[in-house]
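Okay, structure first, notes after.
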4 protein chains.
Amino acid sequence: MAPLNEQQLDQLHIQRIVQIKKAALKVFANRGIIGTKISMIAAEAGISQGLSYRYFKSKEELLITLIQDALEEAKAAMEQVNHLPGTPLEKLRSLTKSMLDDSNKYFFMLIQQASSSEEVPEKAKQLLEQFSKENPIQLLIPLFIEGQRMGQFCEGDPYKLLFCYFSVITGLMLQEVQADENYWVHEVDLLMKVIMK
Amino acid sequence: MAPLNEQQLDQLHIQRIVQIKKAALKVFANRGIIGTKISMIAAEAGISQGLSYRYFKSKEELLITLIQDALEEAKAAMEQVNHLPGTPLEKLRSLTKSMLDDSNKYFFMLIQQASSSEEVPEKAKQLLEQFSKENPIQLLIPLFIEGQRMGQFCEGDPYKLLFCYFSVITGLMLQEVQADENYWVHEVDLLMKVIMK
Amino acid sequence: MAPLNEQQLDQLHIQRIVQIKKAALKVFANRGIIGTKISMIAAEAGISQGLSYRYFKSKEELLITLIQDALEEAKAAMEQVNHLPGTPLEKLRSLTKSMLDDSNKYFFMLIQQASSSEEVPEKAKQLLEQFSKENPIQLLIPLFIEGQRMGQFCEGDPYKLLFCYFSVITGLMLQEVQADENYWVHEVDLLMKVIMK
Amino acid sequence: MAPLNEQQLDQLHIQRIVQIKKAALKVFANRGIIGTKISMIAAEAGISQGLSYRYFKSKEELLITLIQDALEEAKAAMEQVNHLPGTPLEKLRSLTKSMLDDSNKYFFMLIQQASSSEEVPEKAKQLLEQFSKENPIQLLIPLFIEGQRMGQFCEGDPYKLLFCYFSVITGLMLQEVQADENYWVHEVDLLMKVIMK
DNA sequence: AATGAATGAGATTTCATTCAT
DNA sequence: GATGAATGAAATCTCATTCAT
């Protein structure tokens with residue numbers, strides 16, 4: 001008699017993958033890619049070191065999976081922004097808050113870690129390169145242009161504006177590591193000024 | 001030919017130390033603390049792997065020395081800002097440009113790497129902690145208050161303003177890794193808006 | 001429906017043991033002793049990884065059991081040879097064919113794998129040593145002497161002749177791994193020449 | 001002042017490689033491919049575990065290098081056989097002795113280990129496959145045909161004859177592991193009978 | 001009894017540090 | 001002083017064995 005049916009097993013399998021990915025994302029985001037040891041991920045997930053190899057062939061594969069997830073997450077966030085209500089400024093403020101939110105923050109931190117590290121698997125580099133060419137810029141540019149047209153955002157090359165905006169977010173996320181949780185969420189408005197008229 | 005005299009030897013010794021520190025700073029700043037291997041530093045400095053051990057007891061000691069240097073450098077930059085000519089805004093703009101300058105950038109990047117990493121020697125953590133309590137804030141706060149008094153800087157807790165300002169700088173420095181050299185220097189004015197009225 | 005009675009359970013138990021031993025023998029013989037992973041045996045037997053531990057305490061115990069079986073099988077084959085009809089040469093040809101037969105081959109291959117590997121449990125080494133002192137030589141020597149007396153086998157130390165004969169069999173069995181199934185059975189006559197006049 | 005010139009360094013480098021290869025060949029040949037641990041190779045070579053990684057990227061790369069060497073060695077031995085003096089039988093006897101000689105034996109044993117194991121890197125499998133298609137058969141076949149023409153070798157498909165010949169050699173080499181050193185060299189004549197009329 | 005997820009000891013591999021030259 | 005080969009501790013990864021279901 002099989003103890004569990006196939007669907008339940010799949011369920012467990014997926015749960016484990018989610019559990020490991022969650023733990024790994026947090027550790028990778030906080031301790032950097034090379035600074036992350038498998039033992040740390042295992043400890044964070046509350047499992048043994050060997051177990052993650054049942055679900056991910058290697059540390060590298062796990063990392064790549066997480067980067068893919070993060071890039072998709074980022075893309076989704078950028079896409080959604082246009083469907084939000086309100087003025088461009090309000091939309092951007094929402095996006096910013098969501099990026100800094102605990103449930104999303106690690107994705108963006110991981111992207112930052114991966115982008116700023118040269119010790120990243122080749123596959124991950126390709127993903128990042130593809131992403132940086134394709135996505136976020138294309139998707140937020142209309143918002144920025146609209147913001148400029150409406151006189152909410154300051155003038156100038158919208159790409160440069162976008163670049164500055166992301167610098168700020170990046171800085172905040174990294175700074176935050178040693179600051180109080182959620183402390184800086186209230187600072188978003190301050191930061192919005194970078195792109196405001 | 002007579003061997004070098006003591007002073008000349010000291011001279012060489014100091015040159016070597018400078019050479020190694022310069023190389024190590026660059027590599028640590030760019031590749032992160034754990035991502036930096038002794039072999040990378042040796043390659044960057046153009047020396048053999050073993051040689052740095054004649055000048056620094058360990059990778060950790062070298063790192064701590066660099067962090068100390070960086071913190072002193074940072075402190076000096078903060079102190080100087082008050083002696084600069086011009087309004088608070090002009091002073092801060094100068095400081096910002098200097099921090100992002102090639103000759104200083106790596107110091108601030110190293111501080112950032114050290115602050116955001118949990119994989120740092122205990123000694124370094126203490127230095128950072130001491131630094132974050134003591135220094136830059138105390139030194140720039142008067143500048144910020146003066147800026148607010150003059151109506152150049154926006155209102156609110158000057159500490160928070162300072163925090164945001166550093167977030168932005170941090171973000172820019174890290175972003176820069178994949179951007180064009182010197183590209184963003186021109187964006188400083190944009191970023192200044194964070195603290196401007 | 002009533003549960004199975006004791007005899008039926010025993011029956012099942014024995015069937016399982018046979019099933020696992022058969023699978024393990026094949027895999028050990030083909031992939032070598034260290035090259036064999038428990039997961040391979042389980043896959044070959046069509047059971048789960050954990051199940052063999054209900055029947056054998058360890059991989060080592062399973063291996064030792066198989067080596068014992070193989071040695072007994074070999075001994076039995078050697079003993080039977082004298083009861084076969086025909087001349088010494090005909091008897092030996094029969095033995096050879098039987099050793100190379102699919103149903104026996106793996107036993108002899110396992111003996112070969114175990115003998116030529118130094119990575120074998122101590123217990124197994126003892127069995128092999130005991131076997132190599134006691135058995136096959138004693139049993140086939142009369143056959144060889146008879147063959148020499150009848151002028152069918154070539155002259156010389158019958159032990160050496162025997163050793164060469166087994167070298168040939170061993171070589172054939174191992175060669176076979178990459179040759180066509182049953183291809184070489186037809187070559188037996190060729191190989192018989194080693195011991196023929 | 002550099003302690004050694006470049007040529008001397010190269011010399012040392014080559015010596016180390018030879019040392020490691022020699023040790024590894026012996027261990028791989030005797031204990032099988034999976035049965036060989038890096039620690040065993042290091043012990044045999046009298047070096048630390050880590051050192052072999054200075055010269056070979058991985059256990060797999062070391063193995064592949066050895067298989068290449070072995071295949072080349074085998075090819076060279078086959079090619080030379082035609083230039084030896086004497087009748088086909090005498091030539092083949094020479095080849096056989098040389099293959100079983102201590103200085104060559106391990107190469108052929110490794111080829112045997114690699115061929116009979118399924119646990120071999122893909123690259124090695126390709127090498128072996130290529131070798132088994134290309135080389136020894138082509139090179140020895142003329143010798144066998146000549147031997148048959150002269151009435152020294154027995155009739156039949158020369159390829160089958162060759163196959164049997166190699167089975168015998170293989171068997172001898174493996175058997176030898178537990179036999180006395182050099183004992184069996186005297187048995188070569190006995191084995192030659194396989195292919196003799 | 002049976003499964004296959006989970007563990008942990010042991011293997012491979014990396015790299016900071018030492019050492020012979 | 002300088003080199004880079006060598007070491008060994010710590011990381012990654014594998015797999016025999018155990019265990020919850």
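A note on names: the letters A, B, ... follow the listed sequences, proteins ahead of strands, and every chain is numbered from 1. We use all heavy atoms of the structure for the numbers below, so side chains are in, but hydrogens, waters and symmetry mates are not.
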- Any side-chain heavy atom of F56(D) sitting closer than 4.5 Å to one from I17(D)? yes
- Query: What is the distance, rounded to the nearest whole Å, between atom CG of D10(B) and atom P of dG1(F)?
  - Reply: 11 Å
- Specify the separation, in whole Å, of atom CD of Q11(A) and atom P of dT21(F). 17 Å
- dA2(E) phosphate, OP1 or OP2, under 4.0 Å from Y55(C) side-chain N/O: yes
- Message: Between P on dA1(E) and CD on Q15(C), what's the gap in Å once rounded to a whole number?
- Response: 14 Å
- Note on the structure: On a heavy-atom basis, the closest approach of I34(D) and G35(C) is CD1-CA, 3.4 Å
- Kindly point out which of dT12(F), dA5(E), dT13(E) is positioned nearest to the side chain of R54(A)? dA5(E)
- With rounding to the nearest 0.5 Å, note down the distance linking CZ in F28(B) to NZ in K59(B). 5.5 Å
- Query: Over how many whole Å does the gap from K57(D) atom NZ to dT13(E) atom P extend?
  - Reply: 11 Å
- Whichever of G46(D) and E60(C) has its nearest DNA chain F nucleotide further upstream toward 5': G46(D)
- Message: Distance check needed: dT3(E) P versus H13(A) NE2, whole Å only.
- Response: 18 Å
- Query: Given atom CD of Q19(B) and atom C1' of dA2(F), what is their separation to the nearest angstrom?
  - Reply: 12 Å
- Phosphate oxygens OP1/OP2 of dG4(E): is one of them under 4.0 Å from a side-chain N or O of S48(C)? no
- Atom of I33(D), atom of A114(D) and distance for their closest heavy-atom approach: CD1-CA, 3.5 Å
- Message: Could you check whether any side-chain heavy atom of E60(A) comes within less than 4.5 Å of a side-chain heavy atom of L63(A), counting everything from C-beta outward?
- Response: no
- Query: When all nucleic acid strands are considered with a 4.0 Å heavy-atom cut-off, which category describes F56(D): base, sugar-phosphate, or nothing?
  - Reply: nothing
- Query: Is any side-chain nitrogen or oxygen of Y53(C) closer than 4.0 Å to OP1 or OP2 of dT17(F)?
  - Reply: yes
- Compare the minimum distances between each of dT14(E), dT7(E), dC13(F) and the side chain of I47(A), then state the nucleotide with the smallest one. dT7(E)
- Item | Side-chain donor or acceptor of Q49(A) paired with backbone N/O of I38(A) under 3.5 Å | no
- Task: Apply side-chain contact (heavy atoms from CB on, under 4.5 Å) to Q19(C) and R16(C), showing your working.
- Result: CA-CA 5 Å; Q19(C) 176 191 15; R16(C) 273 285 192 230; 2.7 Å; yes
- Query: Pairs counted as Watson-Crick or G-U wobble with both distances under 3.5 Å: what dot-bracket string results for DNA chain F, using | for bases tied to another strand?
  - Reply: .||||||||||||||||||||
- Message: Of the options dT3(E), dT12(F), dT13(E), whose atoms approach the side-chain atoms of L51(C) most closely?
- Response: dT3(E)
- Which residue, G50(D) or Q49(B), contacts DNA chain E at a nucleotide closer to its 5' end, judged by nearest heavy atom? G50(D)
- Item | Check: K105(C) side chain, A29(C) main-chain N or O, donor-acceptor pair, under 3.5 Å | no
- Would you mind reading off the distance between I20(A) atom CD1 and dA5(E) atom P, rounded to a whole angstrom? 12 Å
- Message: From CG of L12(B) over to P of dG1(F), roughly how many Å is that when rounded to an integer?
- Response: 9 Å
- Who pairs with K21(A) by salt bridge (Lys or Arg N to Asp or Glu O under 4.0 Å), at least two apart in sequence or on another chain? D69(A)
- Message: Side chain of R16(C) only, heavy atoms from C-beta on: which candidate in dT12(F), dA2(E), dA5(E) is closest?
- Response: dA2(E)
- Message: Nearest 0.5 Å, please: how far is CD in E44(C) from CG in N30(C)?
- Response: 8.5 Å
- Ordered by number, residues from residues 33-45 of chain A within less than 4.0 Å of DNA chain F (heavy atoms) are T36(A), K37(A), I38(A)
